[in-house]
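No hydrogens, no waters, no symmetry mates; every other heavy atom, side chains included, goes into these values.
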Amino acid sequence: MTSQSQITQLLHSWRGGSQDAGEELFDRTYEQMRSIARNLLRQDQQRFVLQPTELVNECALRMFGLQQMDWQDRAHFIAMATTMMRRVVVDSARRVKASKRDGMEITLSTSHLGIERGELDMEELDQALDRLAAISADMAKVVEYKYFGGLTNPEVAEVMGTSESTVKRSWRYARAWLYSELTL
């Protein structure tokens with residue numbers, strides 16, 4: 001297991017221009033990123049076109065473009081990876097919907113959010129999260145980290161630099177708000 005300080009050191013070296021540090025960073029975080037991808041894609045295996053490895057690889061390609069970002073630590077890196085995975089899945093859903101042949105619509109199981117319909121269009125969820133972010137960016141991030149990233153409450157609290165009880169409250173409110181928005 002790689003320590004947080006080692007990841008932080010690699011992030012700073014990578015930002016400083018070391019491609020080797022960037023490659024080592026992704027090597028050391030690859031399994032955790034695959035775990036996040038598996039959690040996300042496990043929600044509705046029948047409908048996803050992406051595989052966990054594809055999702056991680058696309059995420060890594062996009063993150064390599066963020067080398068100059070002011071990386072703080074491992075938690076910041078994992079938070080950004082979760083955000084990037086959400087974007088990859090939403091982009092994939094848009095491509096499928098826009099294809100000339102009527103491809104499958106990418107959806108997520110929403111039982112985790114408490115929505116009865118069972119499935120929800122990925123773009124609809126993405127738009128609802130954008131509306132939630134306008135109300136409370138922190139609540140939208142909690143949903144993103146828990147729902148898309150599969151992070152636990154303690155992990156979300158670490159990433160966001162807040163308490164676990166704040167994460168629980170935000171999650172409860174965000175779920176209720178999304179339920180209201182998405183079942184109308």
Side-chain angles (χ1 to χ4, degrees), residues 1-99 103-113 119-123 125-126 129-130 140-160:
M1 190 84 191
T2 303
S3 76
Q4 289 184 21
S5 61
Q6 290 172 319
I7 296 296
T8 301
Q9 179 69 33
L10 286 170
L11 283 166
H12 291 287
S13 296
W14 182 41
R15 185 181 64 208
S18 170
Q19 282 300 109
D20 291 340
E23 290 175 20
E24 186 175 347
L25 173 69
F26 281 98
D27 286 345
R28 290 186 181 205
T29 59
Y30 182 79
E31 281 308 315
Q32 185 171 10
M33 289 174 65
R34 261 187 61 79
S35 175
I36 291 169
R38 275 192 304 272
N39 282 333
L40 171 60
L41 298 176
R42 185 177 338 141
Q43 305 281 341
D44 193 349
Q45 295 173 346
Q46 305 301 327
R47 295 183 170 266
F48 276 112
V49 181
L50 295 169
Q51 295 297 315
T53 302
E54 294 172 302
L55 181 54
V56 170
N57 290 341
E58 180 65 26
C59 176
L61 286 172
R62 291 182 185 198
M63 289 183 71
F64 263 107
L66 303 175
Q67 176 180 359
Q68 297 304 316
M69 180 174 238
D70 187 20
W71 296 105
Q72 304 299 311
D73 54 19
R74 180 193 137 290
H76 185 218
F77 180 80
I78 295 302
M80 184 56 72
T82 299
T83 299
M84 201 61 68
M85 284 186 200
R86 171 185 169 198
R87 291 179 185 163
V88 169
V89 169
V90 170
D91 289 348
S92 177
R94 286 184 180 132
R95 274 193 307 276
V96 168
K97 285 176 85 172
S99 69
M104 289 187 304
E105 192 172 288
I106 295 183
T107 62
L108 284 176
S109 167
T110 55
S111 60
H112 197 55
L113 293 173
E119 293 177 354
L120 177 70
D121 181 87
M122 179 56 69
E123 282 188 86
L125 177 60
D126 186 55
L129 280 175
D130 289 343
K141 285 295 180 190
V142 167
V143 172
E144 188 171 273
Y145 298 152
K146 287 183 66 68
Y147 188 71
F148 286 91
L151 301 181
T152 64
N153 287 338
E155 290 169 329
V156 173
E158 176 192 349
V159 166
M160 295 183 68

With rounding to the nearest 0.5 angstrom, report the CE to SG distance, Met84 to Cys59.
6.0 Å

Check: Ser13 side chain, Gln9 main-chain N or O, donor-acceptor pair, under 3.5 Å
yes

Qualifying residues under side chain to side chain donor-acceptor pair (under 3.5 Å), relative to Thr83, sequence neighbours excluded
Lys141, Glu144

Test of understanding: with salt bridge (Lys or Arg N to Asp or Glu O under 4.0 Å), list the residues that count as partners of Arg87, not counting sequence neighbours.
none

Taken in chain and number order and not counting sequence neighbours, the residues that satisfy side chain to side chain contact (heavy atoms under 4.5 Å, CB included) with Ala157 are Val167

Among pairs that include at least one residue of residues 150-159, which meet salt bridge (charged side-chain N to carboxylate O under 4.0 Å, His left out), considering only residues two or more places apart or in two chains?
Arg74-Glu158

What distance do Leu129 atom CG and Tyr147 atom OH have between them, rounded to the nearest 0.5 Å?
9.5 Å

Could you list the residues that satisfy salt bridge (Lys or Arg N to Asp or Glu O under 4.0 Å) with Asp130, not counting sequence neighbours?
Arg86

So, using salt bridge (Lys or Arg N to Asp or Glu O under 4.0 Å) as the criterion, who are the partners of Asp73 when residues are at least two apart?
none

CG/Leu151 to CD1/Ile78 distance, rounded to the nearest 0.5 angstrom?
8.0 Å

Listed by chain and number, what are the ring pair (Phe, Tyr, Trp, His ring centres under 6.0 Å) partners of Tyr145, not counting sequence neighbours?
none

Could you tell me which residues satisfy side chain to side chain donor-acceptor pair (under 3.5 Å) with Ser35, sequence neighbours excluded, listed by chain and number?
none

Quick check for you: to the nearest 0.5 Å, what is the distance between Glu58 atom CD and Thr53 atom OG1?
13.5 Å

